[in-house]
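Let me begin by presenting the structure, written as structure tokens, before commenting on it.
Residue numbers start from 1 in every chain, and the chains themselves are labelled A, B, ... in the order their sequence lines are given, proteins ahead of strands.
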2 protein chains.
Amino acid sequence: MDAFINYCNKISPLTAEAIEELSSRIKSKTFKKGQVINKEGQICRNFFFINKGLVKHYYPYKGRIFIIRFFSENNVFTVLDSFIQQAPAVFTTIALEDTETMQLTYNDIQELCKRHHCFETIIRKIFGMAAVINLKRIKEMFDGDATELYKNFEIENHHLLQRISLGDIASYLGISQVTLSRIRANP
Amino acid sequence: MDAFINYCNKISPLTAEAIEELSSRIKSKTFKKGQVINKEGQICRNFFFINKGLVKHYYPYKGRIFIIRFFSENNVFTVLDSFIQQAPAVFTTIALEDTETMQLTYNDIQELCKRHHCFETIIRKIFGMAAVINLKRIKEMFDGDATELYKNFEIENHHLLQRISLGDIASYLGISQVTLSRIRANP
DNA sequence: TCTTTCTTTTTACCTATGTTAAAAAATTAA
DNA sequence: TTAATTTTTTAACATAGGTAAAAAGAAAGA
């Protein structure tokens, strides 16, 4: 829990009262490797902070899967569209490793934002950063051919390279496993 | 200006004081068709509301251009990454039609957020929506082949179809003009 | 109205990447 | 350690869509 409060404080300072209320609301929850955290069609009612582990967030389409993003320790995540609109998710989220999280419900976030301006500031900044990250992802998807996409991924996600399978990297880049294997063979 | 206040109030109510301060800070600015609003490399210092007109937001890469998004009347826009981080933009924004906007500076937004919790709530929601829209765009980019991408675009942007050139639509979909022309020929 | 410029379509050709299937390698379980 | 399962590589083939260039059409300026 301290890790999350720390994470928040780095973004913008929390008052003592906000920390107290936050602490009383936040709950911990762990997921086993391979466990579904939120399935498509299901409303995502929680906002997570990852203490430890790795998660993939994907879009199942015509039998293939397309990975939107990976989330790892010391980051927040939620099924953004589903959470914000409290509507069924089009994405599925599953744990790629045993994962420990802290969570706040939709209602917790609403109440904390309403009661503590300092917390609303933090959420505003988190949402802003999420928008920027998604924007960057759109840009990257345009960046040239499969080889360039992979080179880019290697640079941007160096720290995760060994933890993610080739198949999942291919799904993230929107190319086939075979193509990615070819790229690795002829660098 | 009323249009923007209206837009805000629909998201979450503003107090009278917030409206007053907002009114005193907001400025109007118009752009001629083809005029650059913000160029890559340049820091975007403003947050815009479009009263009238159409804008394209693109990523110039290796001689080609890739359009991230179109913005039209009754919507806010800014070069999100550049604005939030006050860092040089990687995108360029230009007016596709004569465009009338209202604008607030980075500093205006910071001050308004700090002084009026109600305004911070609105910005939080706007950023949240921006993140969701970008997420949706990522998803759409995975949606099948060029033909499906175009069908999708036709549905989602029906109201803009007649205002955007074939070349720009192709740039938005990440396909060549020739391919799009082929698609239109063989529906 | 005629000319110039910009946009869209068509044609021809080529290459990157998808698909399917099978072999090889690596990881996990027994 | 061996067996079972999963992941990665390799090969052969098919094709969607890219590039370049020219023709046709539409819009803008003189």
* Asked: Do B:Arg182 and D:dG18 share a donor-acceptor pair, side chain to base, under 3.5 Å?
  ->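 Side chain to base: pair found, below 3.5 Å.
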
* **B:Glu120 versus A:His117, side-chain donor and acceptor atoms under 3.5 Å** =>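 Judged by distance alone, the side chains do pair up.
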
* Ignoring hydrogens and angles, state whether a donor on the side chain of A:Asp168 or A:Tyr58 is under 3.5 Å from an acceptor on the partner side chain. =>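 No, A:Tyr58 and A:Asp168 have no side-chain donor paired with an acceptor closer than 3.5 Å.
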
* **Minimum heavy-atom distance between A:Ala87 and A:Ser82, given as atom pair plus value** =>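 That would be O-OG, 2.6 Å.
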
* Asked: More 5' along DNA chain D: B:Gly144 or B:Lys33, using each one's nearest nucleotide?
  ->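 Final value for this comparison: B:Gly144.
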
* Asked: Among D:dT10, C:dT8, C:dG18, which is the nearest nucleotide to the side chain of B:Leu166?
  ->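 Nearest listed nucleotide: C:dT8.
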
Can you tell me how far [atom2] of [N] sits from [atom1] of [X], to the nearest Å?
| X | N | atom1 | atom2 | result |
| --- | --- | --- | --- | --- |
| A:Asp145 | D:dG17 | CG | P | 16 Å |
| A:Gln177 | D:dT7 | CD | C1' | 7 Å |
| A:Asp168 | D:dT6 | CG | C1' | 13 Å |
| A:Tyr150 | D:dT8 | OH | C1' | 12 Å |

* Asked: So B:Phe48 and B:Phe31, would you call those rings parallel, tilted or perpendicular, with 30° and 60° as cut-offs?
  ->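 Answer is perpendicular, since the angle exceeds 60°.
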
* To do: Return the orientation label for the B:Tyr59 and B:Phe91 ring planes: parallel under 30°, perpendicular over 60°, tilted otherwise.
  =>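 Aromatic pair B:Tyr59/B:Phe91 classed perpendicular.
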
* To do: Select base, sugar-phosphate, or nothing to describe what B:Leu180 touches, counting heavy atoms under 4.0 Å on all strands.
  =>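 It contacts nothing in the nucleic acid.
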
* Which part of the nucleic acid, if any, lies within reach of B:Ser165 when heavy atoms closer than 4.0 Å are counted: base, sugar-phosphate only, or nothing? ->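 B:Ser165: backbone/sugar contact only, no base atoms under 4.0 Å.
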
* How far does the helix from C:dT1-D:dA30 to C:dA30-D:dT1 bend, going by the axes of its first and last five pairs, to the nearest 10°? ->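 The angle separating the two end axes equals 50°.
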
* To do: Inspect the contact between B:Glu40 and A:Lys139 and indicate whether a charged nitrogen and a carboxylate oxygen are less than 4.0 angstrom apart.
  =>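 Judged by the 4.0 Å cut-off on N to carboxylate O distance, A:Lys139 and B:Glu40 do not form a salt bridge.
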
* Asked: For A:Ser181 and D:dT9, is the shortest distance between a side-chain N/O and OP1 or OP2 below 4.0 Å?
  ->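 The answer is yes; a side-chain N or O of A:Ser181 sits under 4.0 Å from OP1 or OP2.
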
* Does A:Val178 or A:Ala146 map to a spot on DNA chain C nearer the 5' end, using the closest nucleotide for each? ->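 Mapping each residue to its closest nucleotide by heavy atoms, the 5'-most match is A:Ala146.
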
